[in-house]
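First up is the structure itself, then whatever we jot down about it.
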Amino acid sequence: MTTKVRVRFAPSPTGNLHIGGARTALFNYLFARHEKGNFVLRIEDTDRARSTKEAVENILDSLRWLGLDWDEGPGKGGDFGPYYQMERLETYKSYAHELLKQGKAYFCYCSPEELAERKKEALQGGYPPGYNRKCRNLSPEERAEKEREGKEKVIRFRTSDAGTTEINDLVRGKVQFENILLEDFVLIRSSGIPTFIFANVIDDNLMNITHIIRGDEHLSNTPRQILLYQALGFSLPSFGHLSMILGSDRKKLSKRTGATSLDWYRQKGYLPQALVNYLSLLGWGTSESQELFSSVEEIIRKFSLEAVSKNPAIFDIQKLDWMNGQYIKRLGIEELTRLVEPYLKEKNLLRGDEDKEWLKKVVALEQERIKTLSQITEYADFFFLSEITYDEKAVRKVLRKEGVSRILIAYRDKLKDLEPFTVETVESVARKIIADLEIKGGALIHPTRVALTGRTVGPGLFELMALLGREVTIKRLDKIINMLD
RNA sequence: GUCCCCAUCGUCUAGCUUGGUUUAGGACUCCAGAUUUUCGAUCUGGUAGCAGGGGUUCAAAUCCCCUUGGGGACACCA
């Protein structure tokens with residue numbers, strides 16, 4: 001019998017959830033669900049200077065939006081809580097004192113200023129900048145002296161000079177580190193709050209985490225943590241380090257090279273399903289290079305850590321756009337309409353008393369055109385505005401041409417008493433005029449579109465006219481006809 | 001500077017584990033054509049890649065080494 005898989009996502013609430021964090025969370029989630037295990041959420045809020053309540057809320061909210069529901073953690077509870085590290089301080093302390101007692105850790109009285117100074121000198125002198133173990137072998141007298149002076153102290157781990165530490169990484173394979181390169185790192189700060197490297201190990205052990213799936217930036221922390229597992233007598237979990245997501249400049253994703261915050265994508269109107277689909281393909285793929293999945297369930301079914309690739313991936317928003325467009329097309333018109341409404345309201349395009357059926361038809365006309373939900377406001381604004389704006393170039397090239405006025409007048413006159421006013425009837429009237437005047441279809445269609453929408457691009461003219469209705473259609477045609485006189 | 005990781009079209013990737021079945025496959029983007037009343041969508045086609053150099057082997061994108069390039073880590077941040 002095998003033990004149940006337990007994985008965790010352990011964000012530090014120092015900012016909103018970003019793309020990289022979301023990808024890490026997603027892979028943990030996919031792995032947990034695939035293995036029928038548990039997905040734990042733990043908040044690592046030990047950085048008191050930068051952690052905020054807002055960031056916690058943002059992270060929880062973003063994960064929910066993506067549909068990455070956790071089995072244990074904030075808002076959920078669980079048998080291994082608390083799930084905020086600041087509520088677990090006593091636990092860390094007792095383990096630290098245990099290490100102290102066993103001589104595997106020691107008090108260090110060096111001040112941050114001294115340390116910084118020494119590091120500067122080291123760098124200038126060209127030798128390793130790590131901690132020089134000054135307090136490692138303080139005599140009881142020396143220690144008593146420092147204590148009397150009331151010096152602040154941290155607890156440091158006593159690293160070994162000998163041997164190598166080997167990681168058998170789930171995605172990278174064997175990785176080795178020389179122990180001598182590891183400095184005596186801090187376990188407990190002078191404030192009594194543990195550092196990430198320590199709290200992380202304690203919690204993962206206490207929470208029975210079986211697989212640690214995290215970003216590549218933690219690979220070099222792993223040997224230190226393995227040493228801790230050994231010192232504490234904990235059994236080792238499996239590690240899997242995911243390659244990073246880079247910006248188009250091949251550097252760590254930053255605001256300069258693209259949006260990093262999940263909020264941005266949410267506001268733009270990317271669908272969570274599309275984002276999940278896209279993110280899952282950043283560093284993972286099926287042997288068929290499948291692009292689109294029918295559901296998260298399908299991704300879960302096909303997901304495996306063995307298929308996770310080692311090389312970093314560059315975030316390509318163009319592909320995301322395409323994918324989001326695909327997901328928008330899959331949506332039922334009822335749901336798309338519901339999703340798009342907030343965007344229209346925000347731009348004051350929608351008052352709220354519009355006919356629901358009419359609105360759905362408007363949305364349907366734009367469904368295959370929009371790549372993000374927010375684009376509805378740029379593409380369909382003329383349906384809602386009482387005064388539309390005209391694209392200058394369109395007016396110049398399409399409207400201000402010989403004979404346009406005559407054609408528009410002819411069309412308007414036929415439309416005035418047309419009954420009923422439908423896609424079919426407005427088109428057949430148009431076709432008749434085109435035949436009578438012996439002109440090309442475009443000669444009527446293009447100027448009419450500019451007159452009605454202010455633009456040269458948009459949905460099919462007759463569909464759009466039927467939705468605009470006779471009154472608005474005639475009004476807008478009149479306006480242009482008068483202008484052309 | 002030290003340590004670690006990575007390396008197939010511009011991008012995401014399949015192929016690499018178990019060398020020959022590969023004229024290196026798919027997708028996004030881009031270009032062309034078809035369709036259409038425009039844009040889009042759709043369909044068809046196209047451009048474009050094994051970083052370089054050494055080995056090993058009858059045979060290397062696939063195995064080994066070096067170089068180069070990129071990334072990450074070296075905090076009382078995570």
Side-chain angles (χ1 to χ4, degrees), chain A residues 10-14 44-47 49-51 108 110-112 115-116 119 122-123 126-131 152-156 167 169 171-173 175-178 181-183 185-197 199-200 214-223 241 243-244 246 248 250-252 278 281-292 306-307 309-323 325 329 366-371 379 394 398 427 430 434 440-446 448-450 453 455-462:
Chain A
S12 164
T14 53
E44 307 215 330
D45 50 358
T46 54
D47 182 346
R50 298 191 302 148
S51 294
C108 166
C110 300
S111 71
L115 260 19
K119 184 176 175 180
L123 253 20
Y127 47 93
Y131 176 64
E152 297 217 309
K153 58 177 187 275
V154 301
I155 299 177
R156 282 185 189 272
I167 305 165
D169 195 272
V171 346
R172 265 148 230 286
V175 184
Q176 287 189 337
F177 292 86
E178 298 290 330
L181 264 13
L182 271 23
E183 60 174 317
F185 52 93
V186 173
L187 263 24
I188 303 281
R189 295 178 253 240
S190 56
S191 60
I193 297 172
T195 58
F196 147 80
I197 210 139
N200 199 257
R214 57 183 3 177
D216 192 31
E217 68 269 27
H218 289 300
L219 184 58
S220 55
N221 287 322
T222 312
H241 287 92
S243 60
M244 309 198 57
L246 272 25
S248 49
R250 298 205 145 271
K251 293 226 157 47
K252 212 167 172 175
Y278 179 72
L281 259 18
L282 247 33
W284 172 78
T286 63
S287 53
E288 299 83 26
S289 293
Q290 184 176 354
E291 305 294 332
L292 262 12
E306 291 74 56
S309 72
K310 297 191 260 220
N311 37 345
I314 291 170
F315 192 86
D316 179 13
I317 197 155
Q318 293 203 94
K319 189 156 184 174
L320 207 214
D321 281 339
W322 166 78
M323 199 169 272
K329 267 190 278 190
E366 302 291 351
Q367 181 163 22
E368 66 174 28
R369 225 170 305 269
I370 58 173
K371 295 270 204 300
Y379 290 174
V398 182
E427 173 157 15
I434 289 163
K440 283 201 226 161
L444 177 144
I445 290 167
H446 298 324
T448 306
R449 169 177 289 107
V450 175
T453 70
R455 288 193 275 266
T456 56
V457 301
L461 178 68
F462 306 117

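A note on names: the letters A, B, ... follow the listed sequences, proteins ahead of strands, and every chain is numbered from 1.
The C1' atoms of B:U11 and B:U47 are separated by 15 Å, rounded to the nearest whole Å. Using atom P as the reference point in both B:G49 and B:G10, the two lie 7 Å apart (nearest Å). Between the P atoms of B:U21 and B:A61, the separation comes to 10 Å (whole Å). For the P atom pair drawn from B:C58 and B:G19, the interatomic distance equals 15 Å after rounding to whole Å. As rounded to the nearest Å, B:A14 and B:A7 have P atoms that lie 11 Å from one another. B:G46 and B:G55: their P atoms are spaced 38 Å apart (whole Å). Nucleotides B:G33 and B:G53 place their P atoms 39 Å apart, quoted to the nearest Å. Taking the C1' atoms as reference points, B:G70 lies 24 Å from B:A24, given to the whole Å.
The aromatic ring centroids of A:Y278 and A:F315 lie less than 6.0 Å from each other.
Taking a pair to require two hydrogen-bonding distances under 3.5 Å in either a Watson-Crick or a G-U wobble arrangement, B:C43 pairs with B:G33. Remark: B:G1 base-pairs with B:C74; criterion is Watson-Crick or G-U wobble with both hydrogen-bond distances under 3.5 Å.
Atom CZ of A:R50 is separated from atom P of B:C76 by 14 Å (rounded to the nearest Å).
Residue A:E44 is classed as a sugar-phosphate contact, given heavy-atom separations below 4.0 Å to backbone atoms only. Looking at heavy-atom distances under 4.0 Å, A:H218 makes contact with a base. No contact: A:G215 has no heavy atom under 4.0 Å from any strand.
Of all nucleotides listed (B:A78, B:C5, B:G71), B:C5 comes nearest to the side chain of A:V175.
Side-chain atoms of A:D169 come within 3.5 Å of backbone N or O of A:H241 as a donor-acceptor pair. With A:R214 contributing its side chain and A:L219 its backbone, the two residues share no donor-acceptor pair below 3.5 Å.
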